[in-house]
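Comments concern the structure below.
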Amino acid sequence: MQYQPRTIENKWQAYWKKNDTYKVSNTSEKPKFYVLDMFPYPSGSGLHVGHPLGYIASDIISRYKRLCGFNVLHPMGFDAFGLPAEQYAIVHGIHPAKSTEKNIQRYKDQLEDIGFCFDWSREVRTSDPSYYKWTQWIFLQLFGHYYDVEANKALPISALVKAFERGGSTAVLANHSNETPFTASDWRSMSKKEQDDALMNYRLAYRKVTFVNWCEGLGTVLANDEVKDGRSERGNYPVERRPMLQWSLRITAYAERLLDSIDSLEWTPALKAMQRNWIGKSVGASILFEVEGIDEKLEIFTTRPDTIYGATFMVLAPEHPLVPVISTSEQKTEVQAYITASGSKSDRERMADKEVSGAFTGAYAINPVSEKRIPIFIAEYVLMDYGTGAIMAVPSDDTRDHAFASHFNLEIIEVVDRSAHSNATMEDKVGTLINSAIINGLSIPDAINKMITHLEQENIGQRQIQYKLRDANYSRQRYWGEPFPIVYDSEGVSFGLELSDLPLELPELSDFKPASGAKSPLARLEHWQKLDNGFIRETDTMPGFAGSSWYYLRYMDPHNEAAFAGRDAMDYWQDVDLYIGGTEHAVGHLLYSRFWHKVLFDLGKVPTSEPFKKLVNQGMIQGRSNFVYRANEQMAEYFFSKKLKEYREDVQHNYPVAGIYVDFAIPEFKLAIEIKSASKLVHLINDTYDRFQEEGWTLLGIPIEEIGKYWNNFDLFIKKIHRAREGEKPSPISPDMESTPVYISKDMVRDTNHVTAIHVDIHLVSNDKLDITKFLKASPENANALIITNEDGEYICGHAVEKMSKSKYNVINPDEVVERYGADVFRMYEMFLGPIEQSKPWDTKGIDGVSKFLHRFYGLFFTDGKFLLSETDPSTEELKILHQTIKKVSEDIERFSFNTCVSQFMIATNELKKLGCNKRGILLPLVTVLSPFAPHIAEELNALSGSDISITTASFPAYNESYLVERETDYPISINGKKRAVVAFPSDSTKEELEKRAVELEEIQKWIEGKQIRKVIVIPGRMINIVV
RNA sequence: GCCGAAGUGGCGGAAUUGGUAGACGCGCUGGAUUCAAAAUCCAGUUCUGGCAACAGAGUGCGGGUUCGAUUCCCGCCUUCGGUACCA
C-alpha cells in the first residue's frame, strides 16, 4: 500500500469531527493544561503558510500533554472586530458582518485541513453580541472603578464619591489626572456635570479632552502602539496629534504593577525588555523654578538632580501653557514665529528634523539651588507629552543640552569630574561632583540622594517617578467595533448601562464607511443615538484591542450567559499555561490584557494576577518578493546606500512596482523564474511555462501557448554562479563576480557539464524586444538585486525576503502545500524548518525530505503491500532505537525544539528500516510518539494495527534508561586537545583502565613517542585527553 | 544613540552542564533501476593539499581563561527586532 496522505487525512478529520474527539470538559480529575494561540483576525486572503507555524507548535504541545495525562484546553476563535476586518470590507464594498463571516469560514476550513485539535465548541468571535456583551461589561467595570494608591488596587467609584463628600480631593490618594484640587464643600457645590467631569479624572475608563493620535486616512483616533514613526501601523497613513474629547483607559495607574510582575513571567528576555521599555520607568526628581518677575513656578522633571549646579538655562516645549505668560514683549514675535513653524510640522517631520532650533522667551528663571539667573528658551526637542514639558538644561551632562548651548552660546559649567573614567561619555553616571557646593566630592548616586533630600527639605522639589507609558485612547470613530454602553443626559453627564441592558448591539448600518471630520458612522443613525428619555448614546466604538484583551477567559466558559466566565471554570483553568504568538503584539495586546486582567483580579473576578504564565514567540515565516523598479536618481541613492528596504517602504507608492510572479505592471518584465540547478533548468522552464500557460498569462502580449516559437530569443540572465566545474572560470562566487555579466545560452545549459550549480534568480527576458544589453553596475553585496538597462532607462530587479503580505505578492497559502503533500507532511515540515522562535523565509526546497520520511515510515508497516506487524520480541538494538526516540522527543518537546524531534524520527525510521524491523512492540509505541506531530498517519496506523479507539486516548510511552546503555563506548582520544583517534572501550571501564589502554594504543604511541606524558584526563563516558 | 536576539558547510540547521563541530534534511557528485525520464534505492559530500593512507585549517574578527571553547571572559564587526530629541 502506498501512503496516500489526503485519503487518510480526510478520513480522520471526519472521524474527529463526528466523535467530538477534541471536546474538553471543565470538570476532570486530571491536572489542567491551557495552551493558547493568539487568535487571528480573519483577513480576506485566508491563512498563509506563516500563520500555522505557531498553531502547529501549540497543537503538538496540546496533543503531547494530553498523552501525558493532562486535561488540555486548546481553543481557537476569531478577532473579528476592528480595523483590519473593516478595511477589508470597505475595499471590497461588502458589509463587514458578511465579509467577516465568510473569511472566518475560510479560516476554519483551512485550519481543519491541517488537523488541529481545537475544541471548536468553545470558539469565540469578538464581534458576536453574546461575546461583546462581556467586553462592554468589563468596560463598565473600568468606568465604575478608580485606582486607590493606598489600597494599591482598583476600588469602586462610589467609595471615591464618599471620600470627596467627606474631605474633597485630598481625602483620597488615587491615581488621577485632576489638575484643580477641591474641598468637600467645593464638591458639594458642583453641578452634576462638574462632578461627572471631576470623576472622569479618576475613573479607569474616562472621557476627557486629550491629545490623541488622529489619523485622517483611517478616519479615526489610534492608540500609541498603533502608530509607528508618525504613521498608522495599518495603512501607513500620517497621524497627527490633536486635542479631542475621547475615551481613554487609565493604564498608567497600573504602570508599576505591570512593570513589577514582569519578573515573575516565563517570557523571553526580549519580550520582557520590550514591555519594560514601553512602560519606561525613570526615577528622579521634580523641581520648581521661580520665574523672575512673574508669580508662576516652572516645574521640571529630571533624572539627574545632582547636576543642578550645571543648569544654566531652561527649555520649555513650544506648546507649554506658560510660554505666552512668561514671554517678554520684545521676544513675543520671535516666540510666536517659532511656535507657528513647529506647529505646522507633522510629528514625522519634527522627528526627522534633528537640527538645533529654539527661541528665547526673554524671561529668566532662578535656579533654586545655585540661585543663578538663567534664561528660558523654547525648543522642539522638549516634548509636551513627557514629564512636565519643561526641563532644566545641563549642557555639561546632556548631549542635547550641550548642542543647544553651543548653538546659542550659553554658559556651560562642568559639574562632574570624569577624569577617572577615560571612556565615559557625557551621560554615563560615573565620576564625582565638582563646582556643586553642597554635594562636591560625592559620587553621582550619593549626590542624587543628597540633592533630593535637600530639595525636599527646602520645599523646592521632591523625589518623583516618571513613566513613558501613556493612557490608552479607547475611542474609535469607526463602525465595526463594540458600541460603548454609555449614555449622556442633556447636560452631558455620563451613565453606564445596566447589565440587563447588555449587550448593546451594534445597529445595522448600510453606509458603514468612516466619515471625515471625526464624526462616527453611528452618529448617522439618529433614531439609534437619541433615546426617548432625552438621553443620547455614545457613537464612537471600541478599538480592536477591546475584544482581544480578555478572550482567553471566555474560552474557559464560552457559553455562560450570567458572567464572562463562571467561577468554577476559572478556578479550574486558572490561567494560560502556554501562550504562543508573534512579537508584533509585544506591547499592544499583551500589555492591555495584563492590565485588564489585573483590574479583574482587583475586583475579585479572576483567580490569578497574571493571565499568561509562559509565552513563546514564534518567528515569522517570510515570503520572497520579487520586484522590478524603474530606476531614477532618488532610488539609485537609496540603493547604493544599501537602503533598498527603506526605499521600498518609503517611496514605493510613487513608483511602479512589479511583483514579478503575479503583477505585471511593467510590461517589459514578464517572467522571472528561480531555478535550483542547471541540470534542472530546462525542466523548470517547461514547468513554469506550463503553469503560466494554465493560468492564461501572456508574455509580451503573446499568448503563452505561442511563446515556444520565440524561445530562442531568450537569454538567461544569471546573477550568481556558485560553482563551476574544475578548471573552469569562474570558480567560487565572489562579490567581484557580480560585476561580470554572465550569459548562458540555452544550449550551454542543456549541456549540464558546463555548470554544476547555479544558485539564485534567473530572469528570463526578451532579447530582441528589450535589448537588455549590459549589466550596469555591481549590486551592493546584500541587496540581492541587479541593475539592468534598456532604452527606457534603468531597472533594478531582484528579490527581498520580507513579511508575507498580499500587497507584496509573496503570499503562499497552506492549501496547495497540504493538497500536494498532505497535512502531516506540512506540519512536520514547518517544524523541521528550524527553531520555532526564528524567522525564516518559506522555502519548499526541503519538503521532499520530510515527505519521503513519512512514506518510509508508513512503509515499515507493510510487507509486499500488506499491512503486517510481527509479534516477535524486539532485539536490544531495536529497543535502543525506540527508547532513544522516546527520550529525545519528550525532552525536546518540553524545550520547544521541534525541529530536532523531526530529525530523531528520521533517524529512527532510517535505522529501523535498515534492520528490517516490523515488530509490533517497536512500531506501535513509535506511532504514539509520532502522533502529536503527524496525527492523521498515526490514527491510520493505529487503526490498521487493530485498535478501535483513537490514538489521542493513548499514553505517551515512558523510556527505559536500561535499554540505552551501551556495552561499548566510543572514546575520542586527543593529544593536547587535538583528536587523534576514536576507539571503542567497554562502557564499564574504570578511569585507570581507560588511561592505561589509551596510552598503549598504536595510533596513540605514534604521537607520544619520545615525549613525556604530563597528564591524562579521562572523563568516563566522554573522552580521553593526553597532555604531552 | 539605547535595549534585546543572533552570526556554524553551497543552503535550512544540530551540538541540552566546557568534552568526537557539522546530527537530520536539502542541494550536489557517482552508481543501481529505466528505451528514457520522474520516482525509488545505494555510496560520497566542511575547506585546502594528496591516487590514497594521511596532514593542515576551520563555528563573524582580535585577544584571554582551560588539558580541552561554537559554548565562559574582555574588546570589536555585521545582521535582524524593538525604541528614541523620554530630560
Side-chain angles (χ1 to χ4, degrees), chain A residues 228-229 268-278 280-282 284 300-304 307 315 350-351 353-354 356 379-383 385-394 397-401 403-404 425 427 466-468 583-584 586-587 617 619-620 676-680 683 722-723 732-733 756-757 759 782 829 832-835 837-841 843-850 852-853 855-856 888 891-892 894-895 897 899-907 910 970-979 981-982 1014-1017 1019 1021-1028:
Chain A
K228 290 253 146 74
D229 296 330
T268 59
L271 202 70
K272 288 182 174 186
M274 275 190 240
Q275 291 231 335
R276 286 197 192 98
N277 283 341
W278 193 259
K281 180 180 182 174
S282 34
I300 61 103
F301 173 74
T302 178
T303 54
R304 294 293 303 276
T307 62
V315 186
R350 221 164 132 162
M351 270 186 252
D353 194 2
K354 305 270 177 184
V356 176
E380 278 179 1
Y381 83 89
V382 175
L383 307 175
D385 283 357
Y386 184 76
T388 59
I391 61 161
M392 66 172 200
V394 184
D397 288 81
D398 182 288
T399 39
R400 293 154 309 173
D401 295 347
F404 194 86
T425 63
E427 270 128 358
Q466 274 291 334
Y467 300 94
K468 275 193 269 186
T583 17
E584 66 270 24
V587 287
N617 285 123
M620 257 192 304
K676 296 174 183 170
S677 72
S679 63
K680 292 198 173 167
H683 173 70
H722 268 254
R723 272 192 290 175
I733 176 72
T756 58
H759 194 60
N782 293 317
Y829 180 58
F832 190 57
L833 275 174
E837 68 278 4
Q838 223 163 76
S839 289
K840 53 234 151 189
D843 192 341
T844 38
K845 269 199 306 214
I847 198 163
D848 283 333
V850 177
K852 270 188 237 171
F853 146 70
H855 276 89
R856 266 200 296 260
K888 174 91 178 142
E891 285 173 359
D892 285 2
E894 299 278 3
R895 62 184 186 105
S897 176
N899 53 334
T900 51
C901 291
V902 180
S903 296
Q904 181 59 36
F905 285 125
M906 289 173 168
I907 294 168
N910 290 344
D970 284 342
Y971 278 91
I973 303 172
S974 308
I975 315 290
N976 291 339
K978 188 121 193 91
K979 187 177 74 176
V982 178
R1014 291 207 295 213
K1015 199 172 174 186
V1016 178
I1017 292 134
I1019 312 288
R1022 288 282 189 189
M1023 44 67 69
I1024 298 165
N1025 190 19
I1026 301 167
V1027 188
V1028 293

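Throughout, a chain's letter reflects where its sequence line sits, starting with A, and its residues are numbered from 1. All heavy atoms count here, side chains included; hydrogens, waters and symmetry mates do not.
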Q.
If you apply the rule side chain to side chain donor-acceptor pair (under 3.5 Å), what do you find for Asp892(A) with Thr900(A), and how did you get there?
A. CA-CA 7 Å; Asp892(A) 285 2; Thr900(A) 51; 2.6 Å; yes
**Q.** Integer-rounded Å distance: rA84(B) C1' and Lys281(A) NZ
**A.** 21 Å
Q) If you measure from the C1' atom in rA14(B) to the same atom in rG25(B), how many Å do you get, rounded? A) 11 Å
Q: Please figure out whether Met274(A) or Gln838(A) has its closest RNA chain B nucleotide nearer the 5' end.
A: Gln838(A)
Q | Test item: Ser974(A) side-chain N/O and Asn1025(A) main-chain N/O as donor-acceptor pair under 3.5 Å | A | no
(Q) Between rU20(B) and rU59(B), how many Å separate the two C1' atoms, rounded to a whole number? (A) 15 Å
**Q.** Residue matched to rU71(B) through Watson-Crick or wobble contacts both under 3.5 angstrom
**A.** none
Q. So, Tyr971(A) side chain and Gly1021(A) main chain: donor-acceptor pair closer than 3.5 Å or not?
A. yes
(Q) I need the CG-P distance between Leu833(A) and rG25(B), as an integer number of Å. (A) 15 Å
(Q) When the P atoms of rG13(B) and rU8(B) are compared, how many Å lie between them, rounded to an integer? (A) 9 Å
Q. Between rA14(B), rU40(B), rA87(B), which nucleotide gets closest to the side-chain atoms of Pro835(A)?
A. rA14(B)
Q) What integer number of Å spans the P atoms of rA23(B) and rG10(B)? A) 14 Å
Q) Taking the chi torsion of rG75(B), is it syn (within 90° of 0) or anti (everything else)? A) anti
Q) Where the side chain of Thr302(A) is concerned, which of rG25(B), rA87(B), rU40(B) is the nearest nucleotide? A) rA87(B)
Q. What is the distance, rounded to the nearest whole Å, between atom CD1 of Ile975(A) and atom C1' of rC67(B)?
A. 12 Å
Q. Among rA15(B), rG13(B), rC67(B), which nucleotide sits nearest the side chain of Arg895(A)?
A. rA15(B)
**Q.** Of the listed nucleotides rC24(B), rA87(B), rG4(B), the one nearest the side chain of Pro269(A)
**A.** rG4(B)
Q. Got a second to check how far Phe832(A)'s CZ is from Ile847(A)'s CD1, nearest 0.5 Å?
A. 11.5 Å
**Q.** Separation of Met274(A) CE from Thr268(A) OG1 (nearest 0.5 Å)
**A.** 6.5 Å
Q: Can you spot which of Ile391(A), Thr388(A), Ile300(A) makes a side-chain contact (heavy atoms from CB on, under 4.5 Å) with Val382(A)?
A: Ile391(A)
Q: Could you tell me which nucleotide pairs with rC51(B) by Watson-Crick or G-U wobble geometry, both distances under 3.5 Å, or answer none if nothing does?
A: none
Q. For Gln466(A) and rC86(B), is the shortest distance between a side-chain N/O and OP1 or OP2 below 4.0 Å?
A. no
Q: Using both distances under 3.5 Å as the test, list the Watson-Crick or G-U wobble partner of rA84(B), or none.
A: none
Q.
Measuring only the P atom in each nucleotide, how far is rC85(B) from rU16(B)? A whole number of Å is fine.
A. 42 Å
Q.
Quick check: on RNA chain B, is the nucleotide nearest Val587(A) upstream (toward 5') of the one nearest Gly280(A), or the reverse? Name the residue that is more 5'.
A. Val587(A)
(Q) Tell me whether the side-chain N/O atoms of Thr900(A) come closer than 4.0 Å to OP1 or OP2 in rU16(B). (A) no
**Q.** Watson-Crick/G-U partner (both atom distances under 3.5 Å) of rC26(B)
**A.** rG10(B)
Q.
Base, sugar-phosphate or nothing for Val982(A)? Non-hydrogen atoms, less than 4.0 Å.
A. base
Q: Grab the NZ-C1' distance between Lys979(A) and rG56(B) for me, whole Å please.
A: 15 Å
Q: Would you sort out whether Thr303(A) and Phe301(A) count as a side chain to side chain contact (heavy atoms under 4.5 Å, CB included), showing the intermediate values?
A: CA-CA 7 Å; Thr303(A) 54; Phe301(A) 173 74; 4.0 Å; yes
Q | Out of rU16(B), rG25(B), rC67(B), whichever nucleotide has its closest atom nearest the side chain of Met906(A) | A | rG25(B)
Q. Which listed nucleotide (rG25(B), rC85(B), rA87(B)) is nearest to the side chain of Thr303(A)?
A. rA87(B)
Q: For rC76(B), give its Watson-Crick or G-U wobble partner with both distances under 3.5 Å, or none.
A: rG60(B)
(Q) Treating Lys888(A) as the side-chain partner and Phe905(A) as the backbone partner, does any N or O pair qualify as donor plus acceptor under 3.5 Å? (A) no
Q: May I have the distance from Gln904(A) (atom CD) to rC24(B) (atom C1'), rounded to whole angstrom?
A: 10 Å
Q: Using a heavy-atom cut-off of under 4.0 Å over every strand shown, decide if Ser282(A) touches base, sugar-phosphate, or nothing.
A: sugar-phosphate
Q: Considering only atom C1', compute the distance from rA69(B) to rU17(B) and round it to an integer number of Å.
A: 14 Å
Q) Which nucleotide, rU16(B), rG12(B), rA87(B), lies nearest any side-chain atom of Val382(A)? A) rA87(B)
Q.
For the CD atom of Gln466(A) and the OG1 atom of Thr302(A), what is their distance to the nearest 0.5 Å?
A. 11.0 Å
Q: Counting Watson-Crick and G-U wobble pairs only, both distances under 3.5 Å, name the nucleotide matched with rC41(B), or none.
A: rG31(B)
Q) Heavy atoms under 4.0 Å, any strand shown: does Ile1017(A) hit a base, just sugar-phosphate, or nothing? A) base
Q: Could you state the atom-to-atom distance from CD of Glu837(A) to P of rG81(B) in whole Å?
A: 16 Å
Q: Could you state the atom-to-atom distance from NZ of Lys468(A) to C1' of rU83(B) in whole Å?
A: 6 Å
Q. Mind checking the P distance from rC54(B) to rU45(B)? Whole angstroms is fine.
A. 13 Å
Q. How would you label the contact of Asn910(A) with the nucleic acid (heavy atoms, under 4.0 Å): base, sugar-phosphate, or nothing?
A. sugar-phosphate
**Q.** Rounded distance (Å) that lies between atom P of rA21(B) and atom NZ of Lys978(A)
**A.** 8 Å
Q) rU20(B), rA14(B), rG25(B): which one has an atom nearest the side-chain heavy atoms of Asn899(A)? A) rA14(B)
Q: Taking only the side-chain heavy atoms of Lys852(A) (C-beta and beyond), determine which of rC26(B), rC24(B), rG13(B) contains the nearest atom.
A: rC26(B)
Q) What's the closest nucleotide to the Asp970(A) side chain, out of rA87(B), rC24(B), rU20(B)? A) rU20(B)
Q.
Give me the distance, rounded to whole Å, that separates rA39(B) from rG50(B) when you measure between the P atoms they each carry.
A. 36 Å
Q. Contact class for Ile1019(A) (heavy atom, under 4.0 Å): base, sugar-phosphate, or nothing?
A. base
Q. Is any side-chain N or O of Arg856(A) closer than 4.0 Å to OP1 or OP2 of rU40(B)?
A. no
Q.
Using a 4.0 Å heavy-atom cut-off, does Met1023(A) contact any base of the nucleic acid, only the sugar-phosphate backbone, or nothing at all?
A. base
